[in-house]
Amino acid sequence: LAYLLHRHGAAVTFHTITIGANMSFADMSFYKRELVEDGERVEALFAGAAAAGVKVVQHSLATAEMRARLLARRSVYIVLCDLRLLTCSR
């Protein structure tokens with residue numbers, strides 16, 4: 001998605017806590033059949049990101065920073081997260 005957005009003129013910075021495929025998910029039933037093969041594709045995309053104009057930054061963004069950027073209309077976020085770690089305060 002980052003490559004596609006960049007190709008259409010969007011300035012893209014990909015923030016991630018894991019550069020490449022996270023192989024710690026390999027034993028989970030959802031990923032089990034696909035992760036090894038898909039992992040190779042993901043690794044190639046990360047390896048070629050800079051040359052393709054997609055900036056990759058390894059870190060997590062604080063919620064307050066994301067909120068401030070959204071309210072200032074400076075960013076759009078597409079967030080992938082582990083549902084098992086989410087909680088709802090309401």
Side-chain angles (χ1 to χ4, degrees):
L1 185 56
Y3 278 77
L4 180 64
L5 289 169
H6 176 70
R7 231 175 286 149
H8 288 279
V12 176
T13 302
F14 189 92
H15 297 263
T16 181
I17 58 172
T18 305
I19 298 292
N22 187 343
M23 298 310 286
S24 68
F25 292 109
D27 290 331
M28 293 179 69
S29 61
F30 180 80
Y31 296 104
K32 199 168 206 132
R33 287 182 284 167
E34 311 295 331
L35 190 59
V36 173
E37 182 179 317
D38 201 42
E40 293 171 4
R41 181 187 62 82
V42 169
E43 296 294 337
L45 288 169
F46 273 100
V54 175
K55 182 179 178 183
V56 176
V57 180
Q58 185 176 11
H59 75 105
S60 60
L61 286 169
T63 304
E65 180 182 356
M66 290 175 64
R67 184 177 187 277
R69 287 175 174 255
L70 285 169
L71 290 173
R73 297 178 183 230
R74 292 180 33 212
S75 298
V76 172
Y77 293 95
I78 299 166
V79 181
L80 304 178
C81 54
D82 187 338
L83 179 63
R84 298 169 302 159
L85 302 176
L86 295 179
T87 59
C88 182
S89 60
R90 293 184 187 194

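Residues take their numbers from the sequence shown, with the count starting at 1. All values below were derived from every heavy atom in this structure, side-chain atoms included, with hydrogens, water molecules and symmetry-related copies excluded. Just so we're clear, the structure is a prediction, and the values are computed from it rather than from any experiment.
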Self-check item: Closest heavy-atom pair and its distance - Phe14, Ala2
Solution: CD1-CB, 4.1 Å
Quiz item: Can you name the closest pair of heavy atoms from Gln58 and Ile17 and give their distance?
Solution: NE2-O, 3.2 Å
Quiz item: What pairs with Glu65 under salt bridge (Lys or Arg N to Asp or Glu O under 4.0 Å), at least two apart in sequence or on another chain?
Solution: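 Once residues adjacent in sequence are excluded, the partners of Glu65 under the salt bridge (Lys or Arg N to Asp or Glu O under 4.0 Å) criterion are Arg69.
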Checking [X] side chain against [Y] main chain: does a donor-acceptor pair fall under 3.5 Å?
{"X": "Tyr3", "Y": "Ala49", "result": "yes"}
{"X": "His6", "Y": "Ala52", "result": "yes"}
{"X": "Thr16", "Y": "Thr18", "result": "yes"}

Quiz item: Around atom CG of Leu71, are there more than 12 heavy atoms of other residues, nucleotides or ligands at under 6.0 Å?
Solution: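 Yes, enclosed.
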Quiz prompt | Distance, nearest 0.5 Å, that separates CG of Leu1 from CG of Leu45 | solution =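 Separation between the atoms: 11.5 Å.
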Exercise. Any chance you could measure Met66, atom CE, to Leu61, atom CG, to the nearest 0.5 Å?
Key: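 Going from CE on Met66 over to CG on Leu61, the span is 6.0 Å.
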Practice problem: Scan Leu5, Leu4, Val12 and name whichever one has a side-chain contact (heavy atoms from CB on, under 4.5 Å) with His8. | Solution: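 For His8, the side-chain contact (heavy atoms from CB on, under 4.5 Å) test succeeds with only one of Leu5, Leu4, Val12, which is Leu4.
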